[in-house]
Every structure is written in C-alpha cells, then in structure tokens.
Amino acid sequence: YNPVGEDDAGPLDPLTWTRESGPGWLNFSAAIPRLSGTPTQGGRYPVEIKVADDDGGESTESWTIIVNVSANAGGPYTVPEGSTVNLSASCNGCDGDKYRWDFDGDTQFDDATGPTPTFVATTIDGSVSRTVTLRVCEGNDGQNCATSAATINVENVPPTITSTPILIASIGTTYTYDVDATDPIDPITYRFDGSVPNGMSINATSGVITWAGNRIVAGRHLIKVRAVDDEGAFDEQTFTIAVVGVNPNATGAAYVVDE
C-alpha cells in the first residue's frame with residue numbers, strides 16, 4: 001500500500017512518514033512511502049501511519065487488515081467397514097486456531113475437534129462414501145472462519161471363515177460340520193460352491209452342513225463352501241471328506257455261502 005499525502009506549501013514543506021502501529025510482518029518504507037509484507041497467520045491487524053510537515057502539522061490514517069484463514073480437511077480417506085481412520089487436516093495462515101468437525105452432515109460442527117480426529121466406521125456398512133466437513137476459525141470469537149470438505153470411502157470387508165472342517169465321515173452315521181465365519185457389519189449367508197454328494201445340505205443362516213448317515217457313500221468327496229455377505233463378497237473353504245466303512249453290495253454279484 002502506497003499512502004499519499006500533500007501539504008498546502010507544496011515542496012517547500014516536505015513531509016515525513018512514520019508507522020505508528022502494525023503487525024511485525026508489515027514492512028514500512030518511509031522514503032517512498034510504502035507498506036508491504038506477507039502475513040504469517042490469520043487475524044485482524046490494526047495499522048496506523050502518520051504524516052507530518054516540518055512546521056509540526058500532522059495527520060494520521062488508521063485501518064485494520066483482515067487476513068483470512070484457509071482450511072484443508074485432507075483426504076480422500078479410505079477405511080474398512082467396522083474400523084476407524086485418523087484424519088489429517090491443516091490450516092493455512094493459522095496459529096492456535098480452532099478445528100471443528102461435522103461428521104454426520106447436520107451442519108453442526110460438534111462431532112470432533114483438533115486437526116487429527118478419529119472417524120469411526122464401526123457401524124457403517126460399506127461400500128459407501130461419506131463427506132465430512134472441517135471448519136477452522138481464527139481466534140475465539142467465531143469470526144474469520146473457513147471450511148473444507150473431505151471424502152471418506154468406507155470399504156466393504158468380506159467374511160472370514162474361522163472354523164476347521166470335519167474331514168472324516170462314517171457310513172450310517174450323520175455327518176455334521178458347523179461352518180463359522182465373521183464379518184464386521186454384514187449378515188452372512190452360507191452356500192456350497194459346486195456339486196455335493198446326494199443327501200448333503202447346508203443351512204444358509206447357521207452354516208451347518210448335514211449329510212444323512214443313510215446317504216453317505218464310500219470314497220473321498222471334495223466340498224467347497226462359501227460364506228457370502230450382502231455385497232456379494234465371500235470367503236471360500238475347500239476340503240475333502242474321507243468316508244470310512246463299506247457300503248453293502250446291493251447291485252453286484254450274488255453272495256455264495258456253505259450250508
């Protein structure tokens with residue numbers, strides 16, 4: 001800023017410029033005169049300059065420089081459903097400013113504070129995107145504020161089968177294997193992948209595999225079972241059941257015995 005002053009005596013009465021007040025980053029050159037500088041933080045900075053002639057006459061000019069702050073909420077962020085993620089925000093031209101967050105979209109910045117809050121996705125069913133908004137205000141009066149939005153991508157997590165299969169079955173004895181799986185959010189549905197022996201079934205809700213004893217046949221039987229969430233993501237378990245015991249020879253050659 002180049003202030004301008006004049007005196008009725010013109011060049012016969014030279015003017016002298018002084019800066020009476022102002023922030024440290026604001027430089028003042030009295031010879032030009034000129035005010036210049038780069039703000040180091042947001043805020044409101046009173047400035048006063050004075051011009052005087054060599055007869056003792058003087059005049060002052062006062063004003064306030066307002067330096068706006070700018071916010072950056074960071075992101076985009078990614079978090080698995082059922083988990084948490086730490087955000088990382090910044091504020092340009094800030095010093096000791098107030099960080100306030102709106103996580104639930106109600107336009108009230110009352111869900112978290114600080115530049116590195118934790119976003120909790122333990123009850124959010126992915127895949128879905130959420131928008132969070134940061135507001136920073138310079139000082140404590142709620143003025144000179146800036147906002148910034150960030151996207152949080154909540155990713156779906158597939159189920160995980162945690163049980164160990166039963167690998168032996170006996171002819172005449174019902175085979176049972178309870179398939180167990182976990183998922184942080186979604187309900188799980190159990191099903192076979194591919195064909196299974198006659199008489200074998202799986203409960204879609206509980207995951208219990210049942211093979212009726214009178215339907216069990218000798219041999220080794222490859223089984224593939226899946227635990228599937230409501231997004232279609234799945235975990236698969238493959239195992240082989242070995243059947244012990246001998247099935248009666250109902251269709252082979254006739255048996256011969258001595259009387």
Of the non-hydrogen atoms in I185 and T122, which two are nearest, and what is the gap between them? CD1-O, 3.0 Å
Between the main-chain N or O of V120 and the side-chain N or O of T84, is there a donor-acceptor pair closer than 3.5 Å? no
Does any N or O in the side chain of S163 come within less than 3.5 Å of the main-chain N or O of D180, such that one atom is a donor and the other an acceptor? yes
Check: T118/N86 side-chain N/O donor and acceptor closer than 3.5 Å: yes
Could you pull out the closest heavy-atom pair between S90 and L134, with the gap in Å? O-CD2, 4.4 Å
Does some side-chain heavy atom of F119 sit less than 4.5 Å from a side-chain heavy atom of P117? no
Does any pair with a residue in residues 192-242 pass ring pair (Phe, Tyr, Trp, His ring centres under 6.0 Å), and if so which ones, sequence neighbours excluded? Y177-F239, W211-H221
Under the ring pair (Phe, Tyr, Trp, His ring centres under 6.0 Å) rule, what pairs show up with a residue in residues 24-55, not counting sequence neighbours? W25-Y45
Test side-chain hydrogen bond (donor to acceptor under 3.5 Å, both in side chains) applied to S83 and E81, step by step: CA-CA 5 Å; S83 187; E81 63 180 1; over 6 Å; no
Could you see if V157 belongs to whatever hydrophobic cluster contains I152? Use Ile, Leu, Val, Met, Phe, Trp, Tyr and a side-chain cutoff under 4.5 Å. no
Side-chain atoms of residues 103-110: list all donor-acceptor pairs with protein atoms under 3.5 Å, sequence neighbours left out, distances to 0.1 Å.
unit_1, atom_1, unit_2, atom_2, d
D104, OD1, D106, N, 3.3
D106, OD1, Q108, N, 2.9

Is N153 close to V79 at the side-chain level, that is, under 4.5 Å between some pair of heavy atoms? no
Can you name the closest pair of heavy atoms from M200 and I223 and give their distance? SD-CD1, 3.7 Å
Pairs where residues 69-92 contributes a residue and the test ring pair (Phe, Tyr, Trp, His ring centres under 6.0 Å) is met, not counting sequence neighbours: none
Closest approach of P23 to P46 (non-hydrogen atoms, all atoms of both residues): CD-O, 4.2 Å
Under 3.5 Å, side chain of E61 to main-chain N/O of I49, donor-acceptor pair present? no
I'd like to check N92 versus V69 (side-chain heavy atoms, cut-off strictly below 4.5 Å). Are they in contact? no
Would you give the length of the straight line joining atom CD1 of I209 to atom CG of N203, rounded to the nearest 0.5 angstrom? 10.5 Å
Got I168 and V244 here, is their nearest side-chain heavy-atom distance under 4.5 Å? yes
Output for pair (K98 NZ, C91 SG), nearest 0.5 Å, gives 12.5 Å
Consider only side-chain heavy atoms of I, L, V, M, F, W and Y, link residues closer than 4.5 Å, and tell whether V128 and L87 are in one cluster. yes
Between the side chain of Y190 and the main-chain N/O of A181, is any donor-acceptor distance below 3.5 Å? yes
Beyond-backbone contact of I188 with V228, side-chain heavy atoms, under 4.5 angstrom: no
Note: A227 and I161 closest approach over all heavy atoms is CB-CG1, 3.9 Å
Hydrophobic cluster identity match, V225 and I166, side-chain contacts under 4.5 Å: yes
Would you please name every residue forming a salt bridge (Lys or Arg N to Asp or Glu O under 4.0 Å) with D193, sequence neighbours left out? R226
I'd like to know if the side chain of S21 reaches the main chain of E48, judged simply by a donor and an acceptor atom lying under 3.5 Å from each other, with no hydrogens or angles considered. yes
T133 vs R135 side-chain heavy atoms within contact, under 4.5 Å: no
Would T174 and T210 satisfy side-chain contact (heavy atoms from CB on, under 4.5 Å), going step by step from the backbone distance to the final call? CA-CA 7 Å; T174 298; T210 303; 3.8 Å; yes
Steps toward side-chain contact (heavy atoms from CB on, under 4.5 Å) verdict (N2, I32): CA-CA 8 Å; N2 295 89; I32 299 178; 3.8 Å; yes
Rounded to the nearest 0.5 Å, how far apart are CD1 of I216 and CD1 of I171? 7.5 Å
Could you measure the distance from the CD1 atom of I202 to the CZ atom of R191? Nearest 0.5 Å is fine. 10.5 Å
Q237 vs K224, test: side-chain contact (heavy atoms from CB on, under 4.5 Å). Steps then yes/no. CA-CA 6 Å; Q237 186 178 74; K224 294 182 180 180; over 6 Å; no
d(D186 CG, E231 CD) to nearest 0.5 Å is 6.0 Å
Looking only at side chains, do D229 and N156 share a donor and an acceptor under 3.5 Å apart? yes
Indicate whether the side chain of D235 and that of T160 have a donor and an acceptor atom separated by less than 3.5 Å. no
Residues forming a salt bridge (Lys or Arg N to Asp or Glu O under 4.0 Å) with E58, sequence neighbours excluded: K50
Identify the heavy atoms of W17 and V4 that sit nearest to each other, and give their distance. CH2-C, 3.7 Å
State the CD-OG distance between E155 and S129, to the nearest 0.5 angstrom. 9.5 Å
Run the side-chain contact (heavy atoms from CB on, under 4.5 Å) check on V208 and V179 step by step: do they pass? CA-CA 6 Å; V208 174; V179 183; over 6 Å; no
Close side-chain approach of R100 and T113, heavy atoms under 4.5 Å: yes
Taking side chain as C-beta onward, heavy atoms only, is L167 less than 4.5 Å from P165? yes
